[in-house]
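Just so you know, these numbers come straight off a predicted model, no measurement behind them.
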Amino acid sequence: MRIIHPTTVEGLEKLPKSGVLLCPNHSSNWDPVLLGLRLPVNYRLHAMAKEELFKNPILGWIIRKLGAFPVTRGNNDIQAVKTAIQVLKSGDNLLIFPEGTVVRNGIGYTDGLPAHAKSGVAMIGVRTGAKLVPVFMDGEKKLFHRTRIIFGDPYEPVYTGRHGTSEEMQKIADDILAQAYALGGQAVGGTPL
């Protein structure tokens, strides 16, 4: 993989060891693979992945063994949220793409909407006390072209009460996604700043 999809990594030293919610932008189906390969071997990473990937029995078995679990997009998947919370409370780390879909040319692949964050990532982070870390990954992944992966500083969410309001959760999700893109010098959706 490092030959056909080479990567450079910046900021890995900023990454806390456990209880981390990694929040990268999502521009390619290769993103979780390339990110996972550049983390330390003992990092104990799990990933929330679209349920369609688990329909192929061989692929489903492989990605489950690598720590992925399914989420049904487009509605509130309570079981996926419970699994995510359990992963983080156990001290393991979790990868969630705040956009919930691959974004190409500023538009979500599955929903056709301009790039935006879903509030679920903030809710999971707040409920578990996880360290939210913005991550930037370069756009289109072409064979033999280098992809930058940049880890940002852990993000401290601000909210009121025990779990915050739905507006605060959306603001946290928007902020973490904006920070991820800003690491690469881009606005949300990929346009240069």
Side-chain angles (χ1 to χ4, degrees), residues 2 5-49 67-68 84-85 87-89 91-104 106 108 114-141 145-159 164 167-193:
R2 288 191 181 185
H5 282 292
T7 56
T8 57
V9 177
E10 299 173 34
L12 193 58
E13 70 282 354
K14 298 176 184 179
L15 197 58
K17 301 276 188 250
S18 63
V20 176
L21 182 50
L22 293 174
C23 304
N25 62 305
H26 197 10
S27 59
S28 166
N29 290 325
W30 285 104
D31 291 340
V33 175
L34 297 178
L35 182 64
L37 288 173
R38 293 313 301 258
L39 292 171
V41 174
N42 59 351
Y43 198 66
R44 299 179 56 95
L45 181 68
H46 299 263
M48 187 181 279
I85 289 171
V87 162
L88 290 165
K89 286 194 172 189
D92 284 355
N93 305 298
L94 181 62
L95 170 64
I96 296 181
F97 294 100
E99 294 154 309
T101 185
V102 170
V103 172
R104 294 193 179 112
H116 65 283
K118 310 266 172 124
S119 63
V121 69
M123 185 269 300
I124 291 168
V126 166
R127 295 253 170 122
T128 60
K131 300 165 193 90
L132 286 83
V133 175
V135 182
F136 174 76
M137 299 186 71
D138 274 329
E140 189 178 347
K141 312 301 185 281
H145 285 80
R146 191 162 303 281
T147 296
R148 291 180 304 157
I149 301 173
I150 305 170
F151 294 90
D153 293 316
Y155 171 79
E156 290 292 327
V158 176
Y159 55 95
E167 293 80 14
E168 289 170 328
M169 293 304 104
Q170 187 61 56
K171 180 170 180 355
I172 292 167
D174 291 341
D175 288 350
I176 195 77
L177 184 61
Q179 285 186 18
Y181 273 102
L183 291 167
Q186 298 178 8
V188 172
T191 57
L193 289 174

Side-chain (H46) to main-chain (L94) donor-acceptor, under 3.5 angstrom: no

Over 12 non-hydrogen atoms of neighbours within 6.0 angstrom of NZ in K141: yes

Donor-acceptor contact below 3.5 Å, side chain R38 vs main chain V9: no

Nearest-0.5 Å distance, OG of residue S18 to OH of residue Y43: 8.0 Å

Check: P114 main-chain N/O paired with H116 side-chain donor or acceptor under 3.5 Å: yes

From L37 atom CG to I149 atom CD1, the distance as rounded to the nearest 0.5 Å: 8.5 Å

side-chain contact (heavy atoms from CB on, under 4.5 Å) evaluation trace for V103 with H26: CA-CA 6 Å; V103 172; H26 197 10; 5.6 Å; no

Expected output: side-chain E99 to main-chain P24 donor-acceptor under 3.5 Å: no

N25 side chain to M137 backbone, donor-acceptor under 3.5 Å: yes

Under 3.5 Å donor-acceptor, S119 side chain and A173 backbone: no

Approximate separation, where rounding is to 0.5 Å, of L15 CG and K131 NZ: 10.0 Å

Q179/D175 under side chain to side chain donor-acceptor pair (under 3.5 Å): CA gap, chis, key distance, verdict: CA-CA 6 Å; Q179 285 186 18; D175 288 350; over 6 Å; no

Validation row: V135, L183 side chains within 4.5 angstrom (heavy atoms): no

D92 side chain vs V87 backbone, donor-acceptor pair below 3.5 Å: no

